[in-house]
Amino acid sequence: MRIVRLLAVFAAAWLMREAHQQADAFGSTDAITLADARAIFPESTAFGGYDHDLRARSVVDRDGHVLGFVLRTAPDSDFVVGYSGSADVLLGIGPDGRIRGARILSSGDTPAHVDEVRNADGFWQSLRGWAPLTDHLSDVDAVSGSTLTCAAIVESIPLRVRGSLRSLRFRPVRDEVLKGAFGASELGPLWRTSPDSDGVVGYRGPTDVWVELTPDGERLKRVVLLSSYDTEEYVDRVRESREFEAELTARSVEEWKSLDLAEAGIEGVSGATQTSYAVAESIRVRAKRDEKWEASRSDWIRDLVVLVIAVLGCWLMFASPTRRRAWRRVWQVVIVGAFGIVLGDLLSVAWFVGEARYAGASPTISLGITGLAAIALAVPWWTGRQVYCAHLCPHGVVQEWVGRLRFAKWTLSPALYRGLRALPFASLCVAVTIACAWPAFDLTAIEPFHAWIFGTAAVASLSIAVVGVLLSPFVPMAYCRFGCPTGALFGFVRRGRAQDRFDRRDWAVVGLLVIGGSIALARHDVARLELAGRAEASGFAVGVPWEVDASFSRDVRLDLIARSREIDQACSVSRSDSEAGVFTRGETTLPIEVSDDLWAVVQRRDEWPGIEVDPEHRTLRKVAEDVRFDPSDAAHEFLADELVRILEREGVSPYGVRVGDVVRKSGT
């Protein structure tokens, strides 16, 4: 029965994950209407499947063919500020990964700038054809006078599509330029405040600030302003003010991390106050970035503390009764202080549901609370003793303390007692049902544990916590015994003589799993993915159905993208910097040695008009300078075969690959 119940828990977790993905798929375009989609794809008649890479719904024509995908940049791009605010942009991306159209849905930027950009056909045309999933946009037809608004829009697109932010405000700076700006032949450690401070606006715009640190990296040595969108006159005043630079460098890196500019009394440059304050704020923002790395180290310490306390709780549970009584009071203070007040790391059904929903998708994981959860589940499953409820839950400790108050205890009738004892498991079943049927519902509202995160507790969670504690003097451990779904979860997997037979709880779980599984499978069939993963270069697409999406991992996608770019760099005649492009545009009839990829493409044809092929030396030679060499069709075949090779190497099947008119597929 222990194995069966553990499998039931995993099955419930799978159902919750499926329900969340379906809600994500069908709810992600609530703010995007079909009319919005038709503005970019005029032939669209309905929304189709869901692409997990883009987090976007497809739009289909009358025959069900996928025309492309529609998505919004917000809320991912809310912190990307243009001149005075961010913009929410509607994107239409074709099946080949290229932008088919875009327009502003809403914007908090300066209305005059936004209106200029809305009506700038040249700017929107420059975005069309860009593949933001794989390529950077090198040439943007920005609107004069609204450069920052345009830059914010362009930066928000790859941020939304692939999660990367690349500043378009300031270009890379060569070493010799930096040495000239600092007036030194050798430079110490350098900070560049961009792109961290691109949203810091002075009088009219951000400034590219460079800071040289002392060799030990602990203090600021020099501050140099390079390019800027601010008023040139004000920027020059700040550059020329040695007093202001001395004020900036008088503080250490550690001081800048927590500096309050107003309290520090930093005096701006007379006549350029806003610009100088923006420079100081840019340095502070850049310093705070390093503080985030230090905070990540402190997270490891926090995780270690949680795991140590969890292990000590297990030790106390298995200790002798005498030792347990001797340490119990001290231990309870530690639990309330550490887990409750300081860390707030309390397990709950809401936490377990969240982990089930995002299993394998979260870029980070808290090892501390994850280890605590593993111990809380594994110990009762293996030993039959609930270590978390008995020795690690601060809310239970507080109930025990309050329950010692001398009040008349309420006597519960046997019938009422049995009914109340069924409530925790019933509430667990309700929580699982809610998680599957209404994934957007906040489950922290049905438990008291969120109340321990002081300052952010919801009213419902706080009310449950207070009521449960106040009932403890009259009904000892009232919430733990008659209301806690988290405790019911640990009790469900618990081993024991009474738990080793199939009972009503198990029948209830089986019923929930059957109903939930039927709903999930029905949705699963409807929401079959047109493209679970996609890469783009020279117009190719890779698709897999939903059921193999798990094996079509991020690493596989990166391999596909990398290989496609390698072949594109060698064989694309549309690129002036590619090997084939350089050869066909070259005004020479001398033999040219080619790379492995281009040679593999050349070998796919017996002859090339106007081209002499030398297999011995692996060279190509044009018989005349004006001969055009176009290996596109052979390159499409080669690229398709290479992508198939990667997919089969990784065991991805079935799949579909399309490169131009070349199609390769496996399975149905």
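Keep in mind that what you see is a predicted model, and the values were worked out from it rather than measured. The first residue in the sequence is number 1, and the count goes up from there.
The two residues Ala488 and Leu428 make their nearest non-hydrogen contact at C-CD2, 4.0 Å. The shortest non-hydrogen separation linking Tyr479 to Gly468 is CB-CA, 4.3 Å. Of all non-hydrogen atoms in Ala465 and Ala451, the two that sit nearest each other are CB-CB, 3.9 Å. Considering all non-hydrogen atoms of both residues, Ala478 and Leu471 come closest at CB-CB, 3.9 Å. Between Arg324 and Ala319, the shortest heavy-atom contact is NH2-O, 2.8 Å. The shortest heavy-atom contact between Pro158 and Pro132 is CB-O, 4.3 Å.
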Q. Yes or no on side chain to side chain contact (heavy atoms under 4.5 Å, CB included) for Val285 and Glu281, after CA distance, side-chain angles and deciding distance?
A. CA-CA 6 Å; Val285 169; Glu281 175 64 12; 3.6 Å; yes
Q | Worked verdict on Phe490 versus Cys389 for side chain to side chain contact (heavy atoms under 4.5 Å, CB included) | A | CA-CA 9 Å; Phe490 301 143; Cys389 294; 4.0 Å; yes
Q) Does the pair Trp401 and Val336 meet the rule for a side chain to side chain contact (heavy atoms under 4.5 Å, CB included), with working shown? A) CA-CA 11 Å; Trp401 287 350; Val336 172; 3.8 Å; yes
**Q.** Leu412 and Phe482: CA distance, side-chain angles, deciding distance, side chain to side chain contact (heavy atoms under 4.5 Å, CB included) verdict
**A.** CA-CA 12 Å; Leu412 304 178; Phe482 305 128; 3.9 Å; yes
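A heavy-atom distance below 4.5 Å is found between the side chains of Trp331 and Ile335. Lys409 is not listed as a side-chain neighbour of Val475, based on a closest heavy-atom distance of 4.5 Å or more. Contact annotation: the side chain of Val402 never approaches that of Gln399 to less than 4.5 Å [non-hydrogen atoms, C-beta and beyond]. Contact annotation: the side chain of Val333 never approaches that of Val330 to less than 4.5 Å [non-hydrogen atoms, C-beta and beyond]. Side chains of Ser427 and Ile446 form no contact here, defined as non-hydrogen atoms less than 4.5 Å apart. In this structure the side chain of Val493 reaches within 4.5 angstrom of the side chain of Leu377, judged on heavy atoms. With contacts defined as side-chain heavy-atom distances shorter than 4.5 Å, the pair Phe318/Val387 does not qualify. Side-chain contact check for Val397 versus Cys393: every heavy-atom pair is 4.5 Å or farther apart.
Using modelled atom types, one side-chain atom of Thr45 and one backbone atom of Val60 make a donor-acceptor pair closer than 3.5 Å. The main-chain N or O of Ser252 is found under 3.5 Å from a side-chain atom of Glu255 such that the two form a donor-acceptor pair. Between the Arg481 side chain and the Pro476 main chain, a donor and an acceptor come within less than 3.5 Å of each other. Side-chain atoms of Arg385 come within 3.5 Å of backbone atoms of Met317 as a donor-acceptor pair (strictly under, hydrogens ignored). Listed for the Lys257 side chain is no donor-acceptor partner under 3.5 Å among the backbone atoms of Arg284. Tyr388 places a side-chain N or O within 3.5 Å of a backbone atom of Leu347 that can act as its donor or acceptor partner. In this structure a side-chain-to-backbone donor-acceptor pair under 3.5 Å is present from Thr73 to Val89.
With rounding to the nearest 0.5 Å, the separation of CZ in Arg72 from CG in Leu90 is 9.0 Å. The line from CG of Leu392 to CG of Leu346 is 10.0 Å long, rounded to the nearest 0.5 Å. Remark: Gln332 CD to Leu316 CG distance equals 9.5 Å, nearest 0.5 Å. To the nearest 0.5 Å, the span separating CZ on Phe425 from SG on Cys484 amounts to 13.5 Å. For the atom pair OG1 (Thr322) and CZ (Arg325), the distance works out to 4.5 Å, reported to the nearest 0.5 Å. The structure places CG of Leu259 at 10.0 Å from CD1 of Ile283, a figure rounded to the nearest 0.5 Å.
Trp452 and His395 are linked by a side-chain donor-acceptor pair at a separation below 3.5 angstrom, with hydrogens and angles left out of the test. A side-chain donor-acceptor contact under 3.5 Å links Thr486 and Glu447.
Ion pairing between a basic and an acidic side chain is recognised when a charged N comes within 4.0 Å of a carboxylate O; Glu400 and Arg328 show such pairing.
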